[in-house]
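Data block below; observations after.
Heavy atoms only: backbone and side chains are in, while hydrogens, waters and symmetry mates are out.
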Amino acid sequence: MHNKTIAELSQGLQQKQFSSFELTEHFLNRIQQHNDKLNAFVTVTGELALAQAKGADARIASGQSNALTGVPIAQKDIFCTQGVRTSCGSKMLDNFIAPYNATVVEHFNKTGAVMLGKLNMDEFAMGSSNETSYYGPVKNPWDLGTVPGGSSGGSAAAVASRIAPGATGTDTGGSIRQPAAFCGITGLKPTYGLVSRWGMIAFASSLDQGGPMARTAEDCALMLQTMAGFDEKDSTSVNRPVDDFSATLNNSLAGLRIGLPKEFFGEGLDPEIAKLIHQAIAEYEKLGATVKEISLPNMNLSAPAYYVVAPAECSSNLARFDGVRYGYRCENPKDLHDLYTRSRGEGFGAEVKRRILIGTYVLSAGYYDAYYLKAQKIRRLISDDFKQAFQEVDVLMGPTSPSVAFRFGEKSADPIAMYLSDIYTIALNLAGLPGMSIPVGFSKNLPVGMQIIGNYFSESHLLNVAHQYQQVTDWHHKAPAEFCDEKR
Amino acid sequence: MSLSTKEVNKIAWLGRIAIDDDKIEAYARDLSGILDFVEQMSVLDTSTVTPMAHPMDQTQRLRPDHVTEENQRGLFQANAPLVDAGLYLVPKVIE
Amino acid sequence: MQWETVIGLEVHAQLATRSKIFSAAATAYGAEPNTQACTIDLGMPGVLPVLNAEAVRMAVKFGLAINARVASRSVFARKNYFYPDLPKGYQISQYDLPVVGKGKLNILVDGEVKTVGVTRAHLEEDAGKSLHEDFHGLTGIDLNRAGTPLLEIVSEPDMRSAKEAVAYLKKLHALVRYLEICDGNMQEGSFRCDANVSVRPKGQQEFGTRAEIKNLNSFRFVEKAINFEVERQIELIENGGKVVQETRLYDSVKDETRSMRSKEEANDYRYFPDPDLLPLEITADFIAEVHTSLPELPDAKRDRFKTHYGLGDYDATVLTATRELADYFEAVVAEAGADAKLSANWVMGDLSGALNKAGLEIEQSPVEASRLAGLVRRINDETISGKIAKQVFEALWESKDSADDIIEKQGLKQITDTGAIESIIDQIIANNPEQLAQYRSGKDKLFGFFVGQAMKATQGKANPQQLNDLLKAKLQA
């Protein structure tokens, strides 16, 4: 059952081939069996899931169900789930039981999906390897000695190892796309403003977006349909009608104009990855697409700009974690100063502290213009580069990450080395554009992902482009042997 | 851009984060490295560029002046480290 | 050495919206702690602000009332600092691009009109409250107030004396109440004032170093605090010291300002535009619509009172000090059918005196405008004399009876019947032959004696003018 996609599971439920209860039990068992190895889940909500499954079965029986009714999915532990611990991968929130639901969670609840549990992540979404979590690192199911990517590492690992059919993730600098690439699954970061941020614990407010992670584009379309939509509780939410993301999956790609940013194929890119990307592009040409090289001249400044804007916003967003109203409080604070500094010093991990400090610095008196303001200007330039490119082509493609999954500890000693693994993904967050990562092969036995970038609100088109590729290839069907005892 | 430990301490104070003395140097090094990294931005002349705060060119939506939140103090304070008589307690604040 | 005082004032006016500026929790005063603090007000993880339309309206109203430019585009910024009553660790405020730009307010001091500039006014959210007693060495935090909308109104440093400062504050206070954007309750903290005070040698262009005085919650304290601070600064400088830029608290018990126990260096607020909010756009149409909803403003009302009711400057100014008083006065005039001056005298005189004594505001007056009007009417048509009217007023205050009822019940009608008065005079003359003789032989002063006797005999009800005329005539006969 766990080798079925969400689309197949949905169909199976509708056709009463199995019940949601059976399905949920099946996945809960798999989680029980495999999570210790992977450490993908922080909290498993077994009882809740089974209760939801029963409810879903009743709805299906009465004919009042939707595509995701009864389908088990898991939530990245960054989404507030009422009555359930929401830790954000941090000691700071280890004891935090969310008193309300994120809008994304509400949407899944309303449609009758089943929540298997909360997924591990880099602490406060800051990281590219899921090594910074308070709950310990998540392992890549393809090679347990390598990282799954981050910050949505738990989500990627859970889907790749088939212990959850689909998972939500969030992406601020690549945190959906890069782990999707490292784990050989499909992930989508929507246009900024498409998915509500209400209840999605904020890292960098102007960059964060929640999105689906699953094994196929078709599955991502189903999940996105539930996640997307205007929310009046989020002032940055965009008020526009939601597309039917599944409607055009099967459109022909004849005439599709693909742009390859030359900056994505420069030095630093593993040649084996480059080769796989070009092979994938060749498949697209077979499907009728044309390819041309384009340039995004300011791309090289995206990481520097990002590492000013994101820390700046996060330094302010995380100021609320002070041990006063919720979350971790240090023992026996001797005065207010002590309460703050020790609760935060002990409650936050090193990477989070580093980013808060950088953010505090770049916003401090005398530095605002040189750093934050400058970064926002670079943002404008990067955005304009994309605008320019989209006048000539329909989508951009390139590698999601310059390397495959690296080994634990390999990059954690040097923050900059870690930051550079986001080098292809960051620019989209700065511009607010949507992007996907799809699996396109293996290098050194580890998955390789290709990034597809679209214009604003072109998710349907992106999903169509990804889906067509997945009709003529089978990388997305590959499963790590250790976790896949059934043959498809 | 090289940060001294004094500067790191100042930033740590602004951000209310306690850093053990034996870790300050390491933080200073890491932060200096990051600042060097982001310094790359300065090579570009951006004097004529408008900063971009949001990807969308939208303006703020307004909410009607209605009270729709009810008292849920019990629920919210279930997470609180220390409360008494409905108040959140902290070490005494000296004005 | 001649010194000049320079004062700038910052007022935080709590806007009278029903819900908070960024959340839909209630703003009502006096609720049990933390019962009006929702997830947004508590700064819970994952929450987001949405802007209250009414707060924007009120800010625009204010901007129009002080002839300021209302920004077509304004931006919310985060002011970052740590304090237990600031749940998010930042306050959403405005930095560059406030909603209201430069405006002005005219004040009247010692009969002279002076213009005080307003630098800007911006929207921001209020913090919660800290309670320091009763918790065994701990402080209790109540976040009910967190998120209440504030309009921060910053004046230019145009005031040159504590008197001017108070005049400005009173004008501002009346204005926000006129506009119904703030209830102005200083005890409850809806209208808070901080004063920036400095001194400089007369003639010097540069400003001296200023100190900021906080915790001023009455006009009286503002005046006293400024006066104390000015003296302190002058003395300090004259003794070779230097004024330090700092925050000071006013102690009303000792009547002095004190430096706030030193915190570390001045806070670096690290302002940056709030990424959870988008720029606020205010269209010309919106402004025009708010403009049509503006009430008659204090200055215009005062001018109208002068021309329409023929009142002098002083009376018109006093009566338009608050909208409630002005409305009350106009209601009295409308019903009394008398000269406006008479109504003005009664409102400003006996009524205000009684209200002050009882510690009541005009809105709480036990004597409604219609009942006072009834009294004025009867004075005007000479049913009762001015003196008797005072008696009637007391009864109006103590009861709910109309003036007519009281006059009837107590038999206070003025005696205007010539014959009746004459017969009383005859009686008195007959009973006081000695005084009559003395008066006729030249002791004019005794006239008063006869008046007194007549008033006593009529229990004060004789029409004074008639009594005078008739008495004079009879005594001389």
Side-chain angles (χ1 to χ4, degrees), chain A residues 95-97 99 192-193 206 232 235-236 238-239 298 300-301 303-305 307-308 315 319 322-327 329 333-336 338-342 344-346 348 353-354 356-358 360-361 364 370-371 373-381 383 414-416 419 431-433 456, chain B residues 1 3 7-8 10-20 23 26-31 33-56 58-63 72 74-83 88-94:
Chain A
N95 66 353
F96 180 69
I97 310 291
Y192 184 84
S206 73
E232 59 184 24
S235 293
T236 59
V238 177
N239 193 357
N298 294 292
N300 63 319
L301 292 178
Y307 281 104
V308 166
S315 71
D322 55 11
V324 175
R325 300 164 310 291
Y326 52 79
R329 176 185 280 214
K334 59 183 207 290
D335 56 31
L336 189 65
D338 196 37
L339 172 71
Y340 285 150
T341 56
R342 262 203 305 134
R344 292 162 63 78
E346 292 166 16
F348 290 137
K353 284 190 278 205
R354 261 195 293 271
I356 292 176
L357 293 175
I358 283 288
T360 305
Y361 181 80
S364 64
Y371 291 109
L373 197 61
K374 183 93 183 178
Q376 298 285 50
K377 290 181 173 194
I378 304 265
R379 217 176 152 166
R380 170 79 63 194
L381 293 174
S383 213
D414 178 7
I416 306 292
Y419 299 164
L433 290 167
Y456 298 105
Chain B
M1 178 75 225
L3 287 181
E7 284 172 298
V8 174
K10 178 161 161 244
I11 303 168
W13 165 245
L14 268 184
R16 297 298 188 275
I17 298 182
I19 301 182
D20 294 331
K23 301 230 169 61
Y27 272 101
R29 253 194 329 268
D30 284 341
L31 297 180
I34 298 170
L35 288 175
D36 282 337
F37 176 69
V38 304
E39 205 61 48
Q40 296 173 66
M41 294 192 301
S42 61
V43 296
L44 204 60
D45 175 13
T46 52
S47 47
T48 57
V49 183
T50 327
M52 179 170 149
H54 284 106
M56 304 297 134
Q58 282 189 157
T59 53
Q60 178 65 31
R61 189 169 19 91
L62 299 177
R63 171 180 63 83
Q72 290 185 278
L75 174 65
F76 298 151
Q77 291 191 339
N79 274 306
L82 194 59
V83 288
Y88 295 96
L89 296 184
V90 296
K92 203 175 188 79
V93 176
I94 303 163

Review point. Which pair of non-hydrogen atoms, one from R61(B) and one from S235(A), has the smallest distance, and what is that distance?
Key: NH2-CA, 3.8 Å
Check your understanding: Taking atom types as modelled and ignoring hydrogens, do the side chains of S42(B) and K374(A) form a donor-acceptor contact shorter than 3.5 angstrom?
Key -> no
Review point. With only heavy atoms counted, which part of M41(B) is less than 4.5 Å from chain A, the side chain, the backbone, both or neither?
Key: both
Exercise for review: Determine yes or no for a side-chain-to-main-chain donor-acceptor pair under 3.5 angstrom, with K377(A) supplying the side chain and P51(B) the backbone.
Suggested key: no
Revision key, fill the gap. Pair count under 4.5 Å, heavy atoms only, with chain B: among V324(A), V308(A), I356(A), highest is V324(A)
Practice item. Check whether L339(A) gets within reach of chain B through its side chain, its backbone, both or neither, counting any heavy atom under 4.5 Å. Key: side chain
Practice item. Please answer whether the main-chain N or O of G345(A) pairs with a side-chain N or O of R16(B) as donor and acceptor at a distance below 3.5 Å. Key: no
Practice item. Give the member of N300(A), I378(A), L433(A) that has the highest number of heavy-atom pairs under 4.5 Å with chain B. Key: I378(A)
Point to revise | Partner residues of N79(B) under the side-chain contact (heavy atoms from CB on, under 4.5 Å) criterion, sequence neighbours left out | key: F96(A), I97(A), P99(A), Y326(A)
Practice item. State the OH-CZ distance between Y419(A) and F37(B), to the nearest 0.5 angstrom. Key: 9.0 Å
Check your understanding: Between R325(A) and P81(B), is any pair of side-chain heavy atoms under 4.5 Å apart?
Key -> no
Exercise for review: Check each atom of E39(B) against the heavy atoms of chain A and say whether the ones under 4.5 Å are side chain, backbone, both or neither.
Suggested key: side chain
Point to revise | Side-chain heavy atoms of Y361(A) within contact of L31(B), under 4.5 Å | key: no
Check your understanding: Under a 4.5 Å heavy-atom cut-off, does chain B meet the side chain of A431(A), its backbone, both or neither?
Key -> backbone
**Study point:** Contacting region of E232(A) [heavy-atom separation from chain B under 4.5 Å]
**Key:** both
Review point. Where does S47(B) contact chain A at under 4.5 Å (heavy atoms): side chain, backbone, both or neither?
Key: backbone
Practice item. Under 4.5 Å heavy-atom distance to chain A, tell me which part of Q60(B) shows up: side chain, backbone, both or neither. Key: side chain
**Study point:** Residues in side-chain contact (heavy atoms from CB on, under 4.5 Å) contact with A12(B), at least two apart in sequence or another chain
**Key:** L357(A), I19(B)
Practice item. Would you mind reporting whether L381(A) and L44(B) have side-chain heavy atoms less than 4.5 Å apart? Key: yes
**Study point:** Interatomic spacing from CG in L35(B) to OH in Y371(A) - rounded to 0.5 Å
**Key:** 4.5 Å
Review point. Has the side chain of R380(A) got a donor or acceptor atom that lies under 3.5 Å from a matching backbone atom of T50(B)?
Key: yes
Point to revise | Leading residue by heavy atom contact count with chain B [cutoff under 4.5 Å; candidates D338(A), L373(A), D335(A), N95(A)] | key: D335(A)
Study note, to complete from the structure: Smallest heavy-atom separation, R329(A) atom then L89(B) atom, equals NH2-O, 2.8 Å
